[in-house]
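Below is one structure; the comments refer to it alone.
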Amino acid sequence: MLFRTFRVAAMVVGCLPAASHAQEPAYVASWSDGTTMPADGPLMWIGKELRPELGKTSPLVGNNPLRRLRHAALVRQHYSGGRVELLGGDRVTGRVIEFLTAGTDGPGRPDCLVVEPVMAPDEPLTELPPRLRIPITRIRRVVWEERHPRPYRPNTLVYRDGRQIAFRSLRWLPGEVRLLVEQGTESIAWDDIAEVHLSERDGWEEYADQLAIIAPDAASKLIRIETPSGLRVTTSLERLRVTGDVAKPESQLFLVHPAWSLDRFTIPHRLVSSQTFFAPHEVPLSNLEPSGYAHRAALGEGWRQWRADADVQGDPLVCGEREFAWGFGVHGSSDLQFDLPPYARAFRTFVGLDRAAGDGGCVRARIYFGANLEVGGPLGRPLFETPPIIGSAKPIDSGRLELRPAGGRINRLILSSDALAFDHPPQTDPLDVRDVVDWCEPLVELDPAAVKAAVLKHAASLFVRETRWNVQGTYGEAWRFQTHAYADRSGLVIEALRRPLTVWRNVALPPDAATLVVYGGVPDDRGGTVKAKLLIGGQAQGEGVVATMTERGRPPELRLPIPPTFRGRELRCDVVFQGTTEVLRVDVRALRIVAAN
């Protein structure tokens with residue numbers, strides 16, 4: 001009986017004709033106040049300062065800046081070639097071709113997957129496609145083959161035949177993974193894997209950590225670029241470069257360097273389907289995994305799972321003839337639960353029935369917020385509630401909803417839809433037929449000062465996490481990171497706010513220690529001559545001139561000898577940088593103690 005019920009529901013909604021709509025303009029602009037309008041053309045990226053212009057306006061300034069510019073002709077296409085989903089909401093469509101183990105000599109690198117990205121399914125492959133090294137620690141899920149959408153389940157591997165296995169830990173190897181499971185260990189070839197879901201991490205901590213890389217001052221505007229294959233990349237304007245003829249935007253190239261890639265790569269402007277902009281304190285809710293979900297179906301059990309950035313059927317979020325950039329698709333009576341940080345200050349969303357519902361369907365939407373709320377438990381009075389929504393004529397704007405998080409508790413936001421199965425208005429669909437609900441562009445607004453504090457905390461620890469050496473002094477007072485654009489990449493360099501600049505570490509010097517090698521250099525010549533002096537146990541041992549960074553390849557090496565009298569002892573080692581001009585900046589990739597040949 002259940003099978004027959006599902007089939008009836010699927011037939012009722014599956015046979016609905018697509019909503020007719022007028023010819024769309026070539027470009028559609030959405031603004032921060034929720035309004036949309038046709039755009040005269042693409043964004044014009046002008047000058048080294050990257051001042052985008054839309055028509056004759058500067059759309060990223062003012063009280064109502066541009067939220068999104070969509071190229072209507074570049075629609076999302078089905079791509080079945082696999083993808084890598086990143087923590088924070090980005091994704092790389094393409095092929096995983098290699099695993100690289102962490103490098104421990106030279107400047108080093110973390111464990112990485114190497115991916116060949118695909119911008120559009122019908123785009124011809126180049127002879128030398130770009131390859132991205134993506135650290136394993138930034139990856140949420142790897143998909144080799146997707147026959148149907150699966151919810152994210154941390155620490156789970158899905159075989160190509162549909163079997164699933166939970167694991168305690170996973171080790172990547174070339175062409176295979178090795179799992180630690182209850183029964184022992186198990187090795188599985190990539191060719192046998194459909195998906196791997198990696199460990200869950202705190203989404204808000206990950207957001208602050210990625211901001212520390214792409215916008216270390218928490219001030220730069222963020223840009224999200226999407227292509228027809230579903231590839232999505234978020235970076236900051238300070239790490240974006242646009243090349244090519246301004247008069248011919250279709251010839252321009254976007255050079256992007258997101259936080260999750262060791263490499264910068266190129267996206268042709270002609271393949272950019274949308275550009276979406278956020279301030280650092282504005283976070284799309286679909287960047288985060290719900291902490292709870294419940295679906296109460298009268299019909300349509302096949303749609304019991306929610307979808308991110310698509311309606312429940314996997315199509316674009318279109319409500320009231322407007323396509324939305326991000327959000328969630330659910331069916332009928334359902335609740336989505338999210339944990340918000342104590343510095344969340346406001347929330348806004350649109351909600352309505354997807355265009356697949358046509359003039360049918362009927363739901364009521366509610367938004368709840370409070371301490372220790374939980375799906376399935378008492379929710380209290382809603383923060384926002386709609387009247388019955390009938391048909392997909394127009395989405396309802398919640399407006400800006402002020403949030404007042406409680407200190408020391410888990411503050412949760414719950415997006416709830418009610419199919420009104422037993423209380424629906426006359427002449428509407430019974431039960432939950434055609435109740436295809438879209439939560440459109442849900443946006444969490446954070447306290448900017450708290451965001452900056454969180455980013456500074458992560459930035460302060462970034463150098464020691466990557467090199468195991470400390471920078472002396474308080475971040476933001478004695479030193480800070482600055483973004484520097486090289487010809488082939490964007491990177492963080494250390495800028496001294498107080499002189500001298502010192503990096504240090506307590507080191508157990510091996511008996512054969514001969515040299516401390518500093519891998520790095522001066523990013524440009526603005527600092528004049530920069531010297532580095534080695535102190536061991538507070539005693540000066542030698543110094544050398546720091547070379548200028550080369551644009552490509554291995555960074556310069558500065559070798560500072562370690563006298564034999566210090567070998568085999570645990571001592572504090574300091575590397576003190578001093579320049580001849582007011583600007584002192586260094587790009588230090590690693591510091592390693594090497595033995596005598």
Side-chain angles (χ1 to χ4, degrees), residues 2-3 6 78-102 110-116 118 132-203 205-206 230 260 286-295 301-310 312 314 328 336-337 339 375-376:
L2 178 60
F3 176 71
F6 165 69
H78 176 69
Y79 176 72
S80 58
R83 68 180 180 276
V84 175
E85 297 179 5
L86 292 312
L87 296 164
D90 281 0
R91 55 180 173 259
V92 180
T93 47
R95 186 167 64 98
V96 177
I97 61 171
E98 189 179 0
F99 167 69
L100 299 177
T101 57
D111 286 345
C112 294
L113 290 183
V114 181
V115 182
E116 287 184 353
V118 172
L132 307 181
R133 294 170 298 164
I134 303 177
I136 297 294
T137 54
R138 298 293 182 186
I139 297 175
R140 175 177 175 267
R141 168 163 43 183
V142 181
V143 178
W144 280 270
E145 178 184 78
E146 184 179 56
R147 295 183 180 177
H148 58 82
R150 293 183 177 91
Y152 166 70
R153 291 193 173 93
N155 292 6
T156 301
L157 182 145
V158 182
Y159 290 90
R160 297 201 182 213
D161 62 10
R163 292 178 295 138
Q164 299 186 17
I165 181 172
F167 56 84
R168 295 178 180 176
S169 65
L170 179 148
R171 181 183 177 191
W172 291 90
L173 297 168
E176 66 176 357
V177 296
R178 186 167 299 163
L179 306 182
L180 176 62
V181 297
E182 288 188 5
Q183 297 77 17
T185 60
E186 189 166 340
S187 296
I188 306 169
W190 290 0
D191 290 342
D192 296 327
I193 303 172
E195 301 183 14
V196 172
H197 302 204
L198 302 181
S199 300
E200 192 171 19
R201 295 179 61 180
D202 186 298
E205 289 295 316
E206 180 66 22
W260 43 260
S286 60
N287 285 6
L288 306 167
E289 186 75 12
S291 59
Y293 172 68
H295 178 233
E301 279 293 330
W303 295 327
R304 61 181 178 271
Q305 182 57 40
W306 57 272
R307 296 274 194 112
D309 302 325
V312 76
F328 299 95
L336 285 167
Q337 170 186 295
D339 296 351
V375 164

Worked check of side chain to side chain donor-acceptor pair (under 3.5 Å) between Trp172 and Asp111: CA-CA 8 Å; Trp172 291 90; Asp111 286 345; over 6 Å; no
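- The minimum heavy-atom distance between Gly94 and Val115, with the atom names listed, is C-CG1, 4.4 Å.
- Side-chain atoms of Gln337 come within 3.5 Å of backbone atoms of Val375 as a donor-acceptor pair (strictly under, hydrogens ignored).
- Side-chain atoms of Arg91 come within 3.5 Å of backbone N or O of Gly230 as a donor-acceptor pair.
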Yes or no on side-chain contact (heavy atoms from CB on, under 4.5 Å) for Val177 and Phe99, after CA distance, side-chain angles and deciding distance? CA-CA 10 Å; Val177 296; Phe99 167 69; over 6 Å; no
Checking Arg83 against Thr93 for the side chain to side chain donor-acceptor pair (under 3.5 Å) test, could you report, in this order, the C-alpha distance in whole Å, the side-chain angles of both residues, the deciding distance, and whether it holds? CA-CA 4 Å; Arg83 68 180 180 276; Thr93 47; over 6 Å; no
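- Taken from CD in Glu85 to CZ in Arg141, the straight-line distance is 4.0 Å, to the nearest 0.5 Å.
- Distance alone, capped at 3.5 Å, places no donor-acceptor pair between the Arg153 side chain and the Ala166 backbone.
- Between Arg163 and Ile165 there is no side-chain heavy-atom pair separated by less than 4.5 Å.
- Across all non-hydrogen atoms, the minimal contact from Arg150 to Gly162 is NH2-CA, 4.4 Å.
- With sequence neighbours left out, Tyr152 forms a ring pair (Phe, Tyr, Trp, His ring centres under 6.0 Å) with His197.
- Side-chain contact between Asp191 and Trp144 is absent, with no heavy atoms from C-beta onward closer than 4.5 Å.
- Summarising the geometry of Glu186 relative to Tyr159, their closest heavy-atom pair is OE2-OH, 2.8 Å, with the distance given to 0.1 Å.
- Taken to the nearest 0.5 Å, the CG atom of Leu86 stands 9.5 Å off from the CZ atom of Arg138.
- Counting only heavy atoms from C-beta outward, the side chains of Phe167 and Leu180 never approach each other to under 4.5 Å.
- Put simply, the side chain of Trp260 does not reach to within 4.5 Å of the side chain of Leu87, judged on heavy atoms.
- Residues Pro149 and Arg307 have side chains in contact (heavy-atom distance under 4.5 Å, counting atoms from C-beta outward).
- Annotation for Arg160: atom CZ counts as buried by contact number, over 12 foreign heavy atoms lying within 6.0 Å.
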Taking it one step at a time, do Arg201 and Thr137 satisfy side-chain contact (heavy atoms from CB on, under 4.5 Å)? CA-CA 10 Å; Arg201 295 179 61 180; Thr137 54; 4.1 Å; yes
